[in-house]
Structure formats: C-alpha cells, structure tokens
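Let me begin by presenting the structure, written as structure tokens, before commenting on it.
Remember, predicted model here, so these are calculated numbers, not experimental data. A note on names: the letters A, B, ... follow the listed sequences, proteins ahead of strands, and every chain is numbered from 1.
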Amino acid sequence: MADTPLVEMRHIHKRFGGVHAVRDASVDLYPGEVVGVLGHNGAGKSTLIKMLSGAYPIDEGEILINGEQVDIRTPRDARAHGIETIYQTLALADNLDAPANLFLGREIMTSLGTLDDDAMEHKAREVIQRLNPNFTNIKDAVRTMSGGQRQSVAIARAVLFNARILIMDEPTAALGPHETAMVADLIKQLKKDGIGIFLISHDLHDVFDLSDRVSVMKNGGMVGTRNTKDVTKDQVLGMIILGKLPEEETADDLAKFH
Amino acid sequence: MTTDAQSQVAAGNAMQRLIRATELDTRLLAMVGALIVIWLTFNVLTDSTFLTARNLYNLAVQSSVVGIMATGMVLIIVARHIDLSVGSVLGFTGMIIAYFQVEVFTLGAAWNWPLTIVIGLALGAVVGAWQGYWIAYRAVPAFVVTLGGLLIFRGGAWLVTEGRTVAPVDPTYQLLGGGLDGSIGAAWSWVLGLIAIGAVVALAIRGRTQKKRFGFPLKPVWAEIVLVGVAVALIIGFVLVMNSYTKPRTDIARGIPIPVLILIAVVLIMTFVSTRTKFGRYVFAMGGNPEAAALSGIDVKKMTLMIFVIMGVLCAVAAVVTTARLNAGANSMGVLAELSVIAAAVIGGTSLAGGAGTVAGAILGAVIMQSLDNGMVLMGVSSAMRQVIIGLVLIAAVYFDTAYNRFKR
C-alpha cells in the first residue's frame, strides 16, 4: 500500500448549537482501500463524513488529501478534489430523468452555451449500461424508477467523473439481495481501480466483509480503527456498543451478546 | 353495436399511436382540447361573435399581460415558492413609469419613453431582488414576504402621486399597449410568420441531426411532418386572423398587436431559459429536491434570488403594456392580477408541490382564463357572476389535474 494516505481527517470537531456532534475524530483512507465507518445512529459517523463531502464545513481540525491540506467548504470543493458521495437518501431530484441527475451541477454544454441533453443521455447510457444492463428507461423521471434503478443512478453519478475518493452512506440499507450483490461487485471493481472508499453504516454485517479496515465511532468520538482480518465481528460489535477496544473488553462484556 | 365499439377502439388506437409517435405531452393536448371546447361553446352561446377576428384580436391583447407574468410564475412555483405581490409590483412599477414619463421628464422628448422603460425594468429587478433576499438569505417564507409585498407595493403605488392618475403617456409609447395603431400591419405580420415557419422547420431538422449524432431512435418521419404541419398551420392561421381585423371604417389590416409580440418574445426567452440553460435545469432540480440540488453544488439561495429578480422584471414588462394600453398610470393597475397569474400557471399544469410546469402550459392557462372572462362578457354575464364561475373553474381544473396525475401513476 502507498505510504501517503489518500485522505486524512485529523482531530475533527463539529458542533451544532450546544451539541458536540463530532469530537476529536481522526480517520484515514489509502488508495484501493475500503474503510467501514461504523457506529450507532447519532454516533457522529454521518456528520464526520459529511464534512468530507462538503455538506457541512468543519469547526476544528484539518483534512489532507494526498498529504496536502485542503479547504472543503461546499460540495463543489469536495468534487473538485475528486470526492464523490452517494447519500443514504440518494439525493436525486425525483422530477428529473437519469441523465439530468447524473450531470446535475456539471452539465455538458453545447458550443452555444445551452444544455447538450443528447450528449448527456449518450454518456449516461454508457455508464448505466455497465452498472445495470437491464436498465434502459433512463429518460423517465427518477420518481417512477425502482429502488435498484435509483441506486444505479446515484452510483453512476458518483463514478462518472473519475472519483478518487468515494463515500457511500448506508449503501445497501434499502436494497434487495440482487442489488446488494451488485453494489458489492462494484465496490470490488472500484478498489481494483485504486479508488478509496468509505462505507458508512450502522449495521456491521452490511460492511464487515467488504471492508479492509473498520473505524468505530460512539458519542461523537472515535473508538478506534482495526484491520478486519485481525478482529472478529463480535469484537467490532463490542466497539460499537460498549465503546471499548477489543483488548479492553472483558469476557463478561462479550457474554452479554450471546 | 359491436362494429361501433370496434371502430371506437380503432380510433382510440390511432389517436394513441399518433400521440406516442409525436411524443406530445398528453396533458398539454388535453388543455388544447379544453380550449377548443370553450371557444366553440362560447361561439354558439354568443351567436358567432366569439370566434370573430375582432374578438380573437382583443382576446390576444387581453391575455398578454397575464401571460407575460405567468411565464415567471411558472419558475417561482416550480422552485416551491409563490409570489402574491405581482399585481402590486405591476401597479408600483407602472405608476413610476407613468410618473417619470408625464411629470418628471420632458414629455415628447424622443429619449423619454425608452428611458422610463429602462427605469421601470430596473425597478422591477430591484423589487424582485429585495423580496428574493428576504426569501433566500433570511429564510422568510415566500408566502409571507410577497404577502407583505402585496401591501407594500400597492401602498407604494398610491404614494407616488397621492393616488392621482397620471396621463397621457407618450403617443409612441402607447403603441406598446396595442391600441388603434399598436399593431404591425399585414406585411410585417406575414414576414414574422414566415420567419417563425422557417424557425420551426429548422428546429425540427436540427433536432433530428442532433439525435442522429448519437444514433438515438428518431420519431417516424410522418410524425415529424404532422407536428411541423400543425405548427405551420397554427402560425398561418394566427397571422390570417390578426390580418382580417381591420381598423375602423377602413380596409387596413391591423396585423399582430405589439403587446402580443412582446408576449411571444417573453415566451420564447422564458422557454429557452427554463429548458435549455443550466439556470432552468437548476430551478427544476430545486423544485424536485432542494437538498439534492444543494448537495450537487447548486447555490440554491442565489438561484432563489435570481428567480424573484426575473419575476420582478416581468412584472415591469407587464406594467409597460398596461400603462401603454390605459394611456395612463392609475392605482387600479394590476389589482387581483396575482390571482389570475397564479391561476394561469396552475391551470397550465404547474404543480404547486414544485418541480413540474411549462411556460407553454401557463400561456394556455392564461388564454383559457381570459377566454372564459371574455366569453362571459360577450354573453352579458355580470362581473360578480364571472368571478364566481372563474373561481369554480380554477378548483375544477386543479382537481382534474391531481386526479389525472393519480391515474397516470
């Protein structure tokens, strides 16, 4: 693995009014690596990662991309650094068709400065065809599409612009087995291309087998990060629920799960 | 019996095939159908006065003020906002234009009326920006800001001259209102008609070559020819009707009225903006999912401000037509116009939930509203009764729209 991490988030803090949503959390990601960010609802994992995707500005701390400090304040900044995000809600404009959603904010224009819808449709078909060959009605409003198709649109949007860093928030939570397998295949493919991926989930089982490392958060703080091959699912569960590292856990603690 | 039913099914299939092949919006077609029914009904009820060149000419002029503003209201409602102040903004900018033209600048000077138009449009932009600022950057709901605006600018219009009517405006300026000489004559009407026909054909051909570039499926040639044919027939019909209305006691054809030309220009620009530019795409994205729009890097606040600026400018354009038509600035200008404008947009298929609507639909909506009013006037229906009926039609139109959308899903 390369020496310089693709992404480093160091000592990040975020407050919403009186709530200290993220306190002194640090996480890193290497090229071609999948890092699962785990924690209960409200543990701060989504907030932490939204600061990387530009949805919230950071209050304290620093973000480094390829070892260089960067300033990410808006989604546009994040995209400029090759960071793409697939949100849990998918963040699609339901009234628009797939090409319009894929290129939203980054439209292909004609030489006259107007929208080049045909060019966008052409490119969109190419990308979506690769992800989901049965998906051809891409000119319909996204509202009328199935869950898997909507997921395909969101994924296609993220991979379309040669992302280096991909953030997937609860990528498989709303999917059936077939679509879940599709997402797993895609993640393996992207890894091979050297893309770094953060998988955000509250459900350990969704991400454990896909991840190279897991970082666990609790109450806004980072509990710790472990290689998945060095720990068991139960130990990670202990980190999520008790907020303790595997070596701190007692037999009594573990017994509670069984 | 059976053959009857069979032939009906066959006719239905032919119709469906036509609609599918031409890729026309069925909703828009239904509205055109409704408009035709309304026109034919009124024509019968008014002993063929409704469908005379004279009445259609008047109808076109009457529809232009509401139509101009309705194109902007489409963007506002698509972006999940509302503007209740458009009638008052029309009144306010109109009073300022008339006041400057008549009482401040030298009346009769060639620069007078163009300058007052510029002042009016700039004022409309400032008013729109001011309201947009409170809505976008101070998060006051558009309903509240523009309800305040409705009162503020109605009062403001009165304060300009303490309620006095200012008249008369510049004779050249008057032409913009479509009065006796406010049309472009037969020859120019044909010139514009031919240009329009050329544009329709060119657009159809360009559309096909564009699609070929990527090997996308093309509409069947016959469907394309039907579409272009219908458009050409409508253009020719429109010019013929406008040219058959003559000036009193002469054979001189009036041709297309200038306010209708202004409306056509506004419709072309607003259709272009809403369907062919990034700006329009972002307005629809905001209406469909504001959060997704923001996460895609769209500056939702700036967009909101700009939408209201456009609305303000369009109110000022409508104010120009209104003052020119009245030959005065008066306090009654634009009273209750907000309701006609919103109704036109909504009847024209703009969804109050945001994210859906077309400029063409809003214009059809404006023409339908104006046709109802115009037809009932011809029938001698009292103004109170006209209000009752138009109110009922609005409710019915929106009911059918929601029912249609449920059915389509």
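Heavy atoms of Ala141(A) lying under 4.5 Å from chain B are absent altogether. Looking at Asn101(A), there are no atoms closer than 4.5 Å to chain B (heavy atoms on both sides), in backbone or side chain. Heavy-atom distances place the side chain of Phe216(B), and not its backbone, under 4.5 Å from chain A.
In terms of heavy-atom pairs under 4.5 Å with chain B, the best-connected choice from Leu115(A), Thr85(A), Leu96(A) is Leu115(A). Among the candidates Thr74(A), Asp117(A), Asp94(A), the residue making the largest number of heavy-atom pairs closer than 4.5 Å to chain B is Asp117(A). Between chain A and the residues Glu291(B), Arg213(B), Met286(B), the most heavy-atom pairs under 4.5 angstrom are made by Arg213(B). Of all the listed residues (Leu112(A), Thr144(A), Val142(A), Asp116(A)), the one sharing the greatest number of non-hydrogen pairs under 4.5 Å with chain B is Asp116(A).
For CD of Gln69(A), the number of neighbouring non-hydrogen atoms (other residues, nucleotides, ligands) closer than 6.0 Å is greater than 12. Shown here is Lys139(A), whose NZ atom has more than 12 heavy atoms of other residues, nucleotides or ligands within 6.0 Å. Environment of NZ in Lys219(B): crowded, with over 12 heavy atoms of neighbouring residues, nucleotides or ligands closer than 6.0 Å.
Atom CD1 of Ile298(B) and atom CZ of Arg76(A) lie 8.0 Å apart (nearest 0.5 Å). Interatomic distance, CG of Leu90(A) versus CG of Leu295(B), reported as 11.5 Å (0.5 Å rounding).
Asn289(B) places a side-chain N or O within donor-acceptor distance of the main-chain N or O of Leu92(A), the cut-off being under 3.5 Å. The main-chain N or O of Ala356(B) is never found under 3.5 Å from a side-chain atom of Asn95(A) such that the two would form a donor-acceptor pair. Arg79(A) places a side-chain N or O within donor-acceptor distance of the main-chain N or O of Ser296(B), the cut-off being under 3.5 Å.
When all heavy atoms of Leu104(A) and Ala293(B) are compared, the closest pair comes out as CD2-CA, 4.4 Å. Nearest approach of Gly297(B) to Pro75(A), heavy atoms of both residues: N-CB, 4.1 Å.
Taking a cutoff of 4.0 Å between a charged side-chain nitrogen and a carboxylate oxygen, Lys211(B) and Asp118(A) qualify as a salt bridge.
Residue-level contacts of residues 263-280 of chain B with chain A, in order of numbering, are Phe272(B), Thr275(B), Arg276(B), Thr277(B), Lys278(B); threshold 4.5 Å between heavy atoms.
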